[in-house]
Student: 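I'd like to ask some things about the structure below.
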Amino acid sequence: RKDGTEFPIHLSTSVIRDHNNKPIALVGIARDISEIKKEQLIQNILYKISQAVQSTESLKELFSRIHEIIKERLSLNNFYLALKDDQTGVISYPYFIDEDSHQNEPQKTARECTKYVLKNGEPELINKDRFVELAKSGEMEPGGIPAAIWLGIPLKVFNNIIGVMAVQDYNNPDAYGESDKEFLTIVSEQIAVAIYKKRTEYQLMAYTLELQTVNELLQESENSLKELNASKDKFFSIISHDLRGPYQGMLSILDLLIKEYDNLDDEEKKDIFIKIRNSSQRTYNLLDNLLQWSRIQQGKVKFTPEKLNLLKVSSGIIELFCDSATAKGINIRNMISNDIHLFADPNMMQLIVRNLLSNAIKFSYPGNEILL
């Protein structure tokens, strides 16, 4: 060109000959194909970005690949991607390349420029003068020394801004211009879609893992429920057995009282009534323990430990099983010392001792002795 810059052309030439067919001149037509070359370069870059989504496994790897692809067209010594969280509004910088290796995210001025682009949704080419102008107008907070030139492009997906792609040069104000802004604006849509797809893949993977975890928890819950039902069935089987003994004993005493009532003296009748009363009390205590167990299973009973005398607790439980043990010919002997005390919940302690004694009677043979 007249200014000394080079540009690509398509050249067509033709030879002019005289009447003797001798070449006497050469005619050439040159056509500027800068736009065609630029379009081909852009299409090639867009294709490579599309391929990068398929070939990369992580977002970090995708960001690095995008950086390498754009470097084919622009100098990118200082390049970063900023992404916005739609729910929290927090801006993160997952990819940041800078000449100053000690930095891990953009300086305050660059972050302010990023917020400005996110707010306005338009590409911005900001030099030092423009930065000062925006700071004075209140569009961004002043602070620090701005880069000689900063170029930011919003990343849009379905008209929703998900972040900003930015390049900057600290020393050369002419490092980037309008043509670079146009180029990055064109490829920004493909970059935004690529990032959106990769993030969506990660979200789907996370959602899938979450579903797997939920399914595992549901399976564990189902297994626990089955075990709980089995324990419940076993418990009620034990309870029905425990209740049958006292009631059978009571019915036998009542039958005896009905048949021999006229032949019994007052002392004998009183003795029978005492036995009926004691049997009824034990049965009531057994039902009360069942109610307490039910409330514990439903989480309605709080753990309230207190000082307990183990002999007193065990003696009360032995009375509950006295009839069933006697009917089976089993002797229960309480060998617990009176000076043994526990710090425990009384209801839970009674359930533990009662279950232990119930199993001991159930699995003992007639004539055996159970020692506590």
Side-chain angles (χ1 to χ4, degrees), residues 43 45-70 79-97 104-106 111 114-115 117-121 152-166 184-237 293-303 345 348 351:
Q43 291 300 322
I45 287 176
L46 293 177
Y47 174 76
K48 288 182 178 180
I49 293 172
S50 177
Q51 289 296 106
V53 179
Q54 308 299 327
S55 61
T56 56
E57 295 184 357
S58 66
L59 275 171
K60 186 176 181 180
E61 188 180 354
L62 174 63
F63 297 151
S64 178
R65 186 73 186 105
I66 288 173
H67 183 202
E68 293 298 322
I69 293 170
I70 300 177
F79 170 81
Y80 68 85
L81 292 167
L83 298 180
K84 181 183 70 171
D85 189 313
D86 289 334
Q87 294 182 348
T88 63
V90 174
I91 302 171
S92 62
Y93 301 89
Y95 188 80
F96 177 78
I97 299 295
N104 54 19
E105 71 173 38
R111 295 199 300 270
T114 300
K115 293 177 184 178
V117 170
L118 282 171
K119 178 182 176 182
N120 293 334
I153 311 295
L155 300 174
K156 299 181 180 180
V157 178
F158 310 122
N159 292 323
N160 179 42
I161 300 177
I162 66 170
V164 171
M165 173 175 57
L184 288 179
T185 301
I186 293 173
V187 300
S188 66
E189 182 177 349
Q190 185 72 17
I191 292 173
V193 170
I195 294 173
Y196 178 79
K197 285 183 177 179
K198 187 60 71 174
R199 289 174 78 181
T200 303
E201 286 179 10
Y202 265 69
Q203 290 171 353
L204 286 174
M205 288 174 62
Y207 182 66
T208 301
L209 290 174
E210 185 178 348
L211 283 179
Q212 290 177 351
T213 302
V214 171
N215 286 334
E216 290 174 0
L217 291 174
L218 286 174
Q219 185 63 46
E220 290 177 5
S221 178
E222 182 182 357
N223 293 336
S224 297
L225 186 59
K226 288 179 179 178
E227 292 178 2
L228 183 61
N229 283 333
S231 298
K232 180 195 68 177
D233 294 340
K234 182 178 180 180
F235 180 80
F236 280 115
S237 175
W293 176 86
S294 175
R295 295 182 64 191
I296 289 173
Q297 295 300 312
Q298 297 175 34
K300 294 181 179 180
V301 175
K302 294 183 179 180
F303 176 67
D345 182 275
M348 294 181 182
L351 283 174

Student: When rounded to the nearest 0.5 angstrom, what is the spacing between NZ in K115 and CG in L118?
Tutor: 10.0 Å
Student: For L81 versus P94, what's the shortest heavy-atom pair and its separation?
Tutor: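 Shortest heavy-atom separation between L81 and P94 comes out as O-CD, 3.3 Å.
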Student: Which residue pairs satisfy the salt bridge (charged side-chain N to carboxylate O under 4.0 Å, His left out) criterion with at least one member in residues 206-215, sequence neighbours excluded?
Tutor: none
Student: Not counting sequence neighbours, which residues clear side-chain hydrogen bond (donor to acceptor under 3.5 Å, both in side chains) with D85? List them please.
Tutor: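 Partners of D85 under the side-chain hydrogen bond (donor to acceptor under 3.5 Å, both in side chains) test: none.
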Student: Once you round to the nearest 0.5 Å, how far does CD1 of I66 lie from CD1 of I45?
Tutor: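 I66 CD1 to I45 CD1: 12.0 Å, rounded to 0.5 Å.
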Student: Do you know which two heavy atoms are closest between A192 and V157, and how far apart they sit?
Tutor: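 Smallest heavy-atom distance, with atoms named: O-CG2, 3.5 Å.
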Student: For I195 and L59, which heavy atoms make the closest approach, and how far apart are they?
Tutor: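 Looks like O-CD2, 4.2 Å.
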Student: Side-chain polar contacts of residues 215-224 - donor-acceptor pairs under 3.5 angstrom, sequence neighbours left out - could you list them?
Tutor:
unit_1, atom_1, unit_2, atom_2, d
N215, ND2, L211, O, 3.3
Q219, NE2, N223, OD1, 3.4
N223, ND2, Q219, O, 3.3
S224, OG, E220, O, 2.9

Student: Has the side chain of S64 got a donor or acceptor atom that lies under 3.5 Å from a matching backbone atom of K60?
Tutor: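 Absent.
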Student: For R111 versus P106, what's the shortest heavy-atom pair and its separation?
Tutor: NH1-O, 2.6 Å
Student: Take atom CD of E68 as the centre, draw a 6.0 Å sphere, and report whether it contains more than 12 heavy atoms from other residues, nucleotides or ligands.
Tutor: yes
Student: To the nearest 0.5 angstrom, please state how far the CG atom of L155 sits from the NZ atom of K84.
Tutor: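 With rounding to 0.5 Å, CG (L155) is 11.5 Å from NZ (K84).
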Student: Does the K156 side chain pair with the main chain of G121, one donor and one acceptor, at a distance under 3.5 Å?
Tutor: yes
Student: What are the two closest heavy atoms between G152 and V117, and how far apart are they?
Tutor: O-CG2, 4.3 Å
Student: Can you tell me how far apart CD1 (I191) and CD1 (I186) are? Round to the nearest 0.5 Å.
Tutor: 11.5 Å
Student: With sequence neighbours left out, write down each residue that passes side-chain hydrogen bond (donor to acceptor under 3.5 Å, both in side chains) with K48, or none if nothing qualifies.
Tutor: E72
Student: Can you tell me how far CD1 of I69 sits from CD of Q190, rounded to the nearest 0.5 angstrom?
Tutor: 9.5 Å
Student: Quick check: do T56 and F63 have side-chain heavy atoms less than 4.5 Å from each other?
Tutor: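 A side-chain contact under 4.5 Å is absent here.
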Student: Is there a side-chain contact between I153 and V187 (heavy atoms, below 4.5 Å)?
Tutor: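 No, side chains not in contact.
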Student: Measuring from atom CG of L184 to atom CE of M165, what distance do you get when rounded to the nearest 0.5 angstrom?
Tutor: 4.5 Å
Student: List for me each residue that meets side-chain hydrogen bond (donor to acceptor under 3.5 Å, both in side chains) alongside E61, sequence neighbours excluded, and say none if there are none.
Tutor: none
Student: Not counting sequence neighbours, which residues clear ring pair (Phe, Tyr, Trp, His ring centres under 6.0 Å) with Y80? List them please.
Tutor: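 So Y80 forms a ring pair (Phe, Tyr, Trp, His ring centres under 6.0 Å) with Y93.
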Student: List the atom of A82, the atom of I91, and the distance in Å for their closest heavy-atom pair.
Tutor: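 Closest approach of A82 to I91: CB-CG2, 4.0 Å.
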Student: Between T200 and Y196 (side chain of the first, backbone of the second, donor and acceptor by atom type, cut-off under 3.5 Å), is there such a pair?
Tutor: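 Judged by distance alone, yes, a pair lies under 3.5 Å.
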